[in-house]
Amino acid sequence: MSSQPSLPPTEQDLLDQERIRREKLARLRSSGVDPYPPRVERTHTISQVRELFQQQQLDEEERVALVGRMISRRVMGKLSFAHIDDGTGRLQIMVRRDVLGAEPYNQFFKKDLDLGDFIGVKGKMTLTRTGEVTCLVEEITLLAKALKPLPAKWHGLSDPELRQRQRYLDLLANPDVRERFRVRAKIVRALREYLDGEGFLEVETPILQPVYGGAAAEPFVTYHNYLHQKLYLRISFELYLKRLLVGGYDRVYEIGRDFRNEGISRKHNPEFTQLEFYEAYTDYHGVMRRTEEMLAYVVERVTGGLKITWQGHDIDFTPPWPRIPLRQAILEASGIDYDQFPDAESLRMAMREKGMDAPSEASRGKLIDKLLSHFVEPNLIQPTFLIDYPLDVSPLAKRKPGTKDIVERFEGFVAGMEICNAFSELNDPLDQLERFLAQGRALEAGDKEATPVDMDYINALSYGMPPAGGFGMGIDRFTMLLTDQDNIREVILFPHLRPEKRDQDGAS
RNA sequence: GGGCCGGUAGCUCAGUUGGCAGAGCAGCGGACUUUUAAUCCGCGGGUCGCAGGUUCGAUUCCUGCCCGGCUCACCA
């Protein structure tokens with residue numbers, strides 16, 4: 001939901017600066033200038049022309065046509081300098097009255113153009129006395145007039161609300177933000193490169209689902225008006241992707257949006273981008289090796305090395321990463337060995353003795369998860385796998401042989417954050433049905449994050465699913481790591497924000 | 001939802017122990033042919049988040065509300 005100024009502004013609502021720009025617009029129109037012409041002339045991008053000029057591959061007399069937003073202007077009498085930005089880079093232009101002509105220079109360039117306007121220039125490339133690559137302008141045209149002043153010159157824009165509600169202003173005022181989302185795109189591209197290269201098939205599965213599942217989360221609910229059908233926005237891709245393993249694909253992946261109806265925090269946005277892959281004929285050990293290899297590939301591809309700095313921590317993605325049994329990690333960090341507390345009640349007592357908040361309705365698995373997030377997770381700065389999780393919070397994972405309530409599952413942690421979750425996939429249809437039924441009972445008992453029974457999925461498993469390992473990773477969180485950000489909103493272009501409420505009295 | 005901090009010009013911020021509201025940038029007028037945070041002279045610009053209250057007087061103090069940030073709880 002974007003915030004919209006609800007009505008077009010009336011003349012008196014306009015800022016002085018906006019009023020002045022509209023007057024300039026009217027003046028331009030009456031002098032026959034189209035302030036929003038349909039076409040532009042361009043021979044090079046700014047990055048191209050800069051490169052060609054520096055490599056001396058540009059004829060000295062060659063006339064180039066460049067475009068961009070005017071982001072600064074320094075008028076010094078009969079000579080001016082300005083910078084334009086076309087999205088590929090910034091370039092200085094030099095505008096001289098004796099070259100451009102008196103009228104275009106005095107009136108058009110100095111008076112009618114404003115910072116923020118898009119312009120086209122034609123001229124020759126040159127160096128200034130200080131050695132800056134510059135276009136000496138012979139002709140200048142308006143490509144699009146800006147009616148509002150740009151947020152800032154060198155302070156950038158820092159108001160967090162403006163930055164996120166009006167991300168376009170953030171992007172145009174803060175070059176490092178623009179760069180950050182380029183890094184995000186590189187990350188996604190590198191993940192695809194890796195998986196495609198390993199023979200994974202990229203697929204798309206339904207976002208609107210009649211039965212949701214695959215994760216512990218509350219869904220968003222919607223409705224199909226013509227089918228009279230209740231639908232859920234997916235909370236994971238898992239159950240559909242594994243149906244594809246049944247169908248005969250051996251390696252599939254999907255990158256897309258998940259939706260979870262939960263609180264918003266530094267690490268959580270209600271919709272987030274997830275990568276899931278499923279690989280037949282491997283198990284969670286194989287997936288761990290693949291995770292290390294894949295993430296090392298991506299980090300190398302994006303940053304040029306395997307070491308990054310995040311919020312002052314040096315983090316090294318070089319494989320292999322330590323694998324620590326969850327039980328051991330929790331024991332070492334908290335002094336609680338949950339194996340000695342076989343039921344929720346006794347574990348709860350032990351936790352409360354340590355002064356921890358342990359809600360009465362939480363299952364044993366959820367309590368263990370609480371121990372993990374409280375004692376262990378914040379200290380896992382270097383890439384680490386925690387392995388072997390409690391069964392009751394892992395309804396889709398295969399039981400570890402020789403155990404009763406432990407599954408072959410791991411989670412990957414970096415920088416004190418969980419970034420991925422994976423397991424040997426449960427492919428026993430009868431066991432899966434039992435687990436679903438347990439989930440269904442939990443759901444009815446009020447656990448809003450339990451998932452309903454998916455009989456079609458059981459049916460699919462009943463035709464046989466190969467042994468497989470599966471993996472899920474939050475791309476947003478991974479992007480936080482590689483862009484040195486500690487808030488998920490900084491790596492999502494349009495993060496979810498509370499609706500903007502208009503003042504009851506201030507309205508009108 | 002609880003706690004803490006904040007909201008002052010288009011942007012970034014200062015300030016008022018309660019007494020005419022400030023700076024830099026941006027804007028407007030002027031000077032200036034190698035600047036790059038250009039410089040110099042002059043000018044305009046404010047519902048001090050909103051609403052009540054206390055007061056001779058509130059941007060400042062009090063109460064409520066709105067919005068935001070951090071944090072706790074919850075979660076990926």
Side-chain angles (χ1 to χ4, degrees), chain A residues 3 14-21 23-24 71-83 90-100 105 110-111 114-116 126-134 136 146-165 169 173-174 215-218 235-236 258-274 357 359 361-362 366 369-370 372-374 377 411-413 417-421 448-449 472-478 486-489 497-507:
Chain A
S3 58
L14 292 176
L15 296 166
D16 281 356
Q17 297 196 34
E18 296 180 66
R19 194 152 39 226
I20 288 162
R21 285 177 184 231
E23 285 162 13
K24 292 176 177 180
I71 54 173
S72 67
R73 179 170 54 182
R74 298 173 290 284
V75 177
M76 286 171 302
K78 303 180 189 66
L79 166 73
S80 298
F81 293 94
H83 273 89
R90 292 183 169 189
L91 184 79
Q92 178 167 267
I93 60 174
M94 174 163 42
V95 188
R96 287 167 48 170
R97 196 178 73 177
D98 58 357
V99 175
L100 196 66
Y105 183 79
K110 280 171 64 176
K111 299 286 184 200
D114 284 299
L115 294 188
T126 183
L127 279 183
T128 60
R129 275 179 205 166
T130 53
E132 178 162 352
V133 177
T134 298
L136 174 55
L147 293 182
K148 286 171 176 285
L150 295 187
K153 187 169 176 183
W154 69 82
H155 288 115
L157 181 71
S158 70
D159 180 317
E161 182 172 8
L162 277 184
R163 286 191 48 231
Q164 284 155 19
R165 281 197 199 279
L169 294 182
N174 301 323
E218 245 185 289
I235 57 172
S236 90
D258 270 341
F259 306 85
R260 296 189 186 172
N261 211 334
E262 294 162 350
I264 298 175
S265 82
R266 210 164 55 80
K267 299 180 190 175
H268 299 87
N269 195 59
E271 56 181 292
F272 63 102
T273 301
Q274 178 92 336
D357 180 38
E361 68 281 4
K366 292 214 166 175
D369 193 58
K370 229 171 154 46
L372 161 64
S373 16
H374 189 263
E377 181 168 357
E411 292 187 313
F413 295 85
M417 268 191 302
E418 182 199 329
I419 59 160
C420 62
N421 177 23
K448 290 181 176 168
E449 288 164 3
M473 178 173 83
I475 302 238
D476 314 277
R477 287 188 181 178
F478 189 65
D486 72 347
N487 194 316
I488 198 166
R489 268 183 293 203
L497 301 171
R498 283 192 214 198
E500 205 168 20
K501 288 181 193 156
R502 300 201 60 184
D503 285 337
Q504 300 304 312
D505 312 272

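Convention: sequence-line order gives letters A, B, ...; per-chain numbering from 1. These figures come from a predicted structure and were not determined experimentally.
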Does a distance-only test, which skips hydrogens and angles, find a donor-acceptor pair under 3.5 Å between the side chain of A:E418 and the base of B:A76? no
In whole angstroms, the gap separating P of B:C67 from CZ of A:R163 amounts to 21 Å
Where the side chain of A:F81 is concerned, which of B:U34, B:C32, B:U33 is the nearest nucleotide? B:U34
Just to be sure I understand the rule, does A:R266 reach a base, reach only the sugar-phosphate, or reach nothing, if contact means heavy atoms closer than 4.0 Å? sugar-phosphate
Pair partner, B:C70 [Watson-Crick or wobble, under 3.5 Å]: B:G3
A:L136 and A:R96, any side-chain heavy atoms less than 4.5 Å apart: yes
Going from CE on A:M94 to CG on A:L100, what distance comes out if it is rounded to the nearest 0.5 angstrom? 12.5 Å
Side chain of A:R129 (C-beta onward), nearest among B:U34, B:A76, B:C32: B:U34
Interatomic distance, A:I20 CD1 vs B:A9 P [rounded to whole Å]: 18 Å
Reckon A:R90 touches a base, only the sugar-phosphate, or nothing at all at heavy-atom distances under 4.0 Å? nothing
Any A:K111 side-chain nitrogen or oxygen under 4.0 Å from OP1 or OP2 of B:G29: yes
Heavy atoms under 4.0 Å, any strand shown: does A:D476 hit a base, just sugar-phosphate, or nothing? nothing
I need the A:Y105 OH to A:K78 NZ distance, nearest 0.5 Å. 9.0 Å
Euclidean distance, A:D476 CG relative to A:Q274 CD, rounded to 0.5 Å: 9.0 Å
What is the pairing partner of B:A14, taking Watson-Crick or G-U wobble pairs with both distances under 3.5 Å in any strand? none
Categorize A:R260 for me: base, sugar-phosphate, or nothing, with a 4.0 angstrom heavy-atom threshold over every strand shown. base
Any idea which of B:A76, B:U35, B:C32 is nearest the A:Q92 side chain? B:U35
Does a side-chain N or O of A:N487 approach OP1 or OP2 of B:C70 to a distance below 4.0 Å, or not? yes
Roughly how many Å is it from CG in A:N421 to P in B:A76, rounded to a whole number? 9 Å
Closest-nucleotide ordering on RNA chain B, the 5'-leading residue of A:E449 and A:H83: A:H83
Do side-chain atoms of A:R266 reach the backbone of A:D486 as a donor and acceptor pair under 3.5 angstrom? yes
Looking at every strand, decide which applies to A:E262 at a 4.0 Å heavy-atom threshold: base, sugar-phosphate, or nothing. base
Would you tell me if any nitrogen or oxygen in the side chain of A:R74 comes within less than 4.0 Å of OP1 or OP2 on B:U35? no
Whole Å only: how far is the NZ atom of A:K148 from the C1' atom of B:C11? 14 Å
From B:U34, B:G27, B:C28, nucleotide with atom closest to A:K24 side chain: B:C28
G-U wobble or Watson-Crick pairing nucleotide for B:G64 (cut-off 3.5 Å, both distances): B:C50
List in chain and number order the residues that pass salt bridge (Lys or Arg N to Asp or Glu O under 4.0 Å) with A:E418, two or more places apart in sequence or in another chain; answer none if no residue qualifies. none
If the cut-off is 4.0 Å, is A:R489 near the phosphate of B:G69, judged by side-chain N/O to OP1 or OP2? yes
Sort out the partner of B:G57 for me: Watson-Crick or G-U wobble, both distances under 3.5 Å, none otherwise. none
Separation of B:A26 P from A:E18 CD (nearest whole Å): 18 Å
Quote, to the nearest angstrom, the C1' distance that separates B:U39 from B:G24. 15 Å
Counting Watson-Crick and G-U wobble pairs only, both distances under 3.5 Å, name the nucleotide matched with B:C28, or none. B:G42
Tell me what A:A216 touches on the nucleic acid: a base, only sugar-phosphate, or nothing, going by heavy atoms under 4.0 Å. sugar-phosphate
Return the nucleotide paired to B:A21: Watson-Crick means purine N1 to pyrimidine N3 with N6-O4 or O6-N4, wobble means G-U with N1-O2 and O6-N3, both under 3.5 Å. none
Side-chain (A:K267) to main-chain (A:R477) donor-acceptor, under 3.5 angstrom: no
Picking from B:A26, B:C32, B:A76, the nucleotide nearest the side-chain atoms of A:L115 would be B:A26
Report the distance from atom CZ of A:R97 to atom C1' of B:C32, rounded to the nearest whole Å. 11 Å
Checking contacts here: which listed nucleotide (B:U34, B:G10, B:C74) is nearest the side-chain heavy atoms of A:Q17? B:G10
Should the side chain of A:E132 and the base of B:U34 be counted as holding a donor-acceptor pair, with the cut-off at 3.5 Å? no
Have a look at A:D486 and say if it touches a base, only the backbone sugar-phosphate, or nothing, with a 4.0 Å heavy-atom cut-off. nothing
Just the rounded figure in Å: distance from C1' of B:C72 to NZ of A:K267. 13 Å
Closer to the 5' end of RNA chain B via nearest nucleotide, is it A:T134 or A:Q164? A:T134
Salt bridge (Lys or Arg N to Asp or Glu O under 4.0 Å) involving A:E271 - partner list, sequence neighbours excluded: A:R257
Could you state the atom-to-atom distance from CG of A:L150 to P of B:G27 in whole Å? 9 Å
